[in-house]
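Okay, structure first, notes after.
Index from 1, following the sequence. Counting starts at 1 for both ligands and their atoms, in listed order.
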Amino acid sequence: MLSLPSADQGLLYQYQGSWIPPFFIQGVISCQNYFHAHDTDILLVTSPKVGTTWLKAILFSLLNRGRYPNAQQHPLLTNSPHELVPFLEMQLYNKKQVPDLTPFTSPRLFSSHLMFSLLPISVKDSKCKIVYLCRNPKDTFVSIWHFRNKIRANLGKDASTIEQDFDNFSKGISSFGSYWDHVVSYWKESLENPEKIFFLKYEEMKEQPTIFLKRLAEFLECPFSPEEEVKGAINDISRLCSFENLSNLDVNKSGKVMMADKSTYFRLGKVGDWMNYLTVEMSETLDRITKEKFHSIGLTI
Ligand code: PAP
């Protein structure tokens, strides 16, 4: 690993064209070597801080809706979404080179922060479906900055200024990124292979959760029946997984998951908080890069 180029004071290493935190590199390599996707698997892919925790809760609820008719006994009331839908490279394959996946029943639901080019070959070769979530780069960056400062505080380190972190992010140096290459890699694949990759935007999901929940269920081949719709099943899932509900559950207020306090995965959950943090110049820089990277391929965020 020491031979890999590093950045951000050794907090990121360049591996196969992506920036990976050193404590997850072994997990990335093991998952690339040993994870065998099933045709029925579902993989949620995101770059960090775009709403992964939210989509994990939504996908788990959607796929298991027949199993938990009693809302009082729903697993999300007693488990973090990250415990119910683990990351391949940061949780399962980071703990063990070949983890036991037998407890996961079909359809198995996992998640990953890996860029498309870094995914295990079997994910691409199988009929396994991918749900990709992206978020506008400004809110994503602000969320990353807050999260990293929480982690720094836990480690007894000084907070870093927004300017320091902005410089790296805008140069493409961010966990599992660059942010833009990550989004572009899945956007292009989703255009070529819409049956395999469903491309979702945080902002759209936030504005019309029930519409996108319905589309997600259709993509995953478990559409809501007319009876379910009448009973309000879509709204029930939307409410269960809302920021207000999940962030107020005791299970998400204490304890740790993936080295961070569970509460740090729930900060504000809003669109447009970047306006409270970025200067005009920073905002213009991100707009310019985003335009350069996204507009020619028809992607607007
Ligand atoms: P991860 O990549 O480390 O798993 P992720 O869940 O993607 O983190 O990002 C956390 C962001 O999602 C936070 O955004 P913020 O800092 O701008 O507030 C968090 O608040 C937001 N988030 C978590 N749960 C929800 C939810 N249920 N609805 C909307 N946003 C949410």
To the nearest 0.1 Å, how far is atom 20 (O) of ligand 1 from its closest protein heavy atom, and which atom is that? Arg267 N, 3.0 Å
Under 4.0 Å, heavy-atom basis, I'd like to know which part of Ser242 is in contact with ligand 1: side chain, backbone, both or neither. backbone
CE (Met205) and CG (Leu133) are apart, to the nearest 0.5 Å, by 8.0 Å
Taking Lys129 as the fixed residue, which of Glu195, Glu218, Glu221 is the one that meets the salt bridge (charged side-chain N to carboxylate O under 4.0 Å, His left out) rule? Glu221
Can you find an N/O atom of Pro48 closer than 3.5 Å to an N/O atom of ligand 1? no
Counting N and O atoms only, with roles assigned by atom type, does the side chain of Lys196 sit under 3.5 Å from a partner on the main chain of Ile130, one being a donor and the other an acceptor? no
Atom 12 (O) of ligand 1 - nearest protein heavy atom and its distance: Gly51 CA, 3.7 Å
His146 and ligand 1 - part of the residue with a heavy-atom distance under 4.0 Å: neither
Might you confirm whether atom NZ of Lys253 has over 12 heavy atoms from other residues, nucleotides or ligands at distances under 6.0 Å? yes
Atom 5 (P) of ligand 1 sits nearest the protein heavy atom Thr52 N, 3.4 Å
List the closest protein heavy-atom neighbour of atom 27 (N) of ligand 1: residue, atom name, distance to the nearest 0.1 Å. Cys241 O, 2.9 Å
Leu268 N/O to ligand 1 N/O under 3.5 Å: yes
In terms of ring plane angle, is the pair Tyr132 and Tyr186 parallel, tilted or perpendicular, where the classes change at 30° and 60°? parallel
Return yes when atom CD of Gln9 has more than 12 non-hydrogen atoms of other residues, nucleotides or ligands closer than 6.0 Å, and no otherwise. no
Look at atom NZ of Lys256 and say whether more than 12 heavy atoms of other residues, nucleotides or ligands are closer to it than 6.0 Å. yes
Closest protein heavy atom to atom 6 (O) of ligand 1, given as residue, atom name and distance to 0.1 Å: Thr53 OG1, 2.4 Å
Contact partition for His82 relative to ligand 1, non-hydrogen atoms under 4.0 Å: side chain
Looking only at distances, please establish whether an N/O atom of ligand 1 is found under 3.5 Å from an N/O atom of Asp139. no
Who gets closest to atom 30 (N) of ligand 1 by heavy atom: Trp54, Tyr202, Phe243? Tyr202
Between Phe110 and Phe35, what is the ring plane arrangement, given parallel below 30°, perpendicular above 60°, and tilted in between? perpendicular
Can you tell me the protein heavy atom closest to atom 13 (C) of ligand 1 and the distance? Ser143 OG, 3.7 Å
Taking only non-hydrogen atoms of Phe266 and a 4.0 Å limit, the atoms of ligand 1 in range are 20 (O), 23 (C), 24 (N)
Answer yes or no for Val50: is there a heavy-atom contact with ligand 1 below 4.0 Å? yes
Mode of Tyr265 contact toward ligand 1 - side chain, backbone, both, neither (heavy atoms, under 4.0 Å): both
Give a yes/no on ligand 1: does Met258 have at least one heavy atom closer than 4.0 angstrom to it? no
the protein heavy atom lying closest to atom 8 (O) of ligand 1 turns out to be Lys49 NZ, 3.0 Å
Heavy atom under 4.0 Å from ligand 1: found in Arg135's side chain, backbone, both, or neither? side chain
Please state whether the rings of Tyr277 and His146 are parallel, tilted or perpendicular, taking 30° and 60° as the class boundaries. perpendicular
Atom indices of ligand 1 within 4.0 angstrom of His113 heavy atoms, with elements: 2 (O)
Donor-acceptor pair, Lys138 side chain versus Trp274 backbone, under 3.5 Å? no
Could you please spell out the steps behind the ring-ring contact (aromatic ring centres under 6.0 Å, His included) verdict for Trp54 and Phe266? CA-CA 9 Å; Trp54 183 25; Phe266 302 92; over 10 Å; no
What orientation do Tyr68 and Phe60 show, parallel under 30°, tilted 30 to 60°, or perpendicular over 60°? parallel
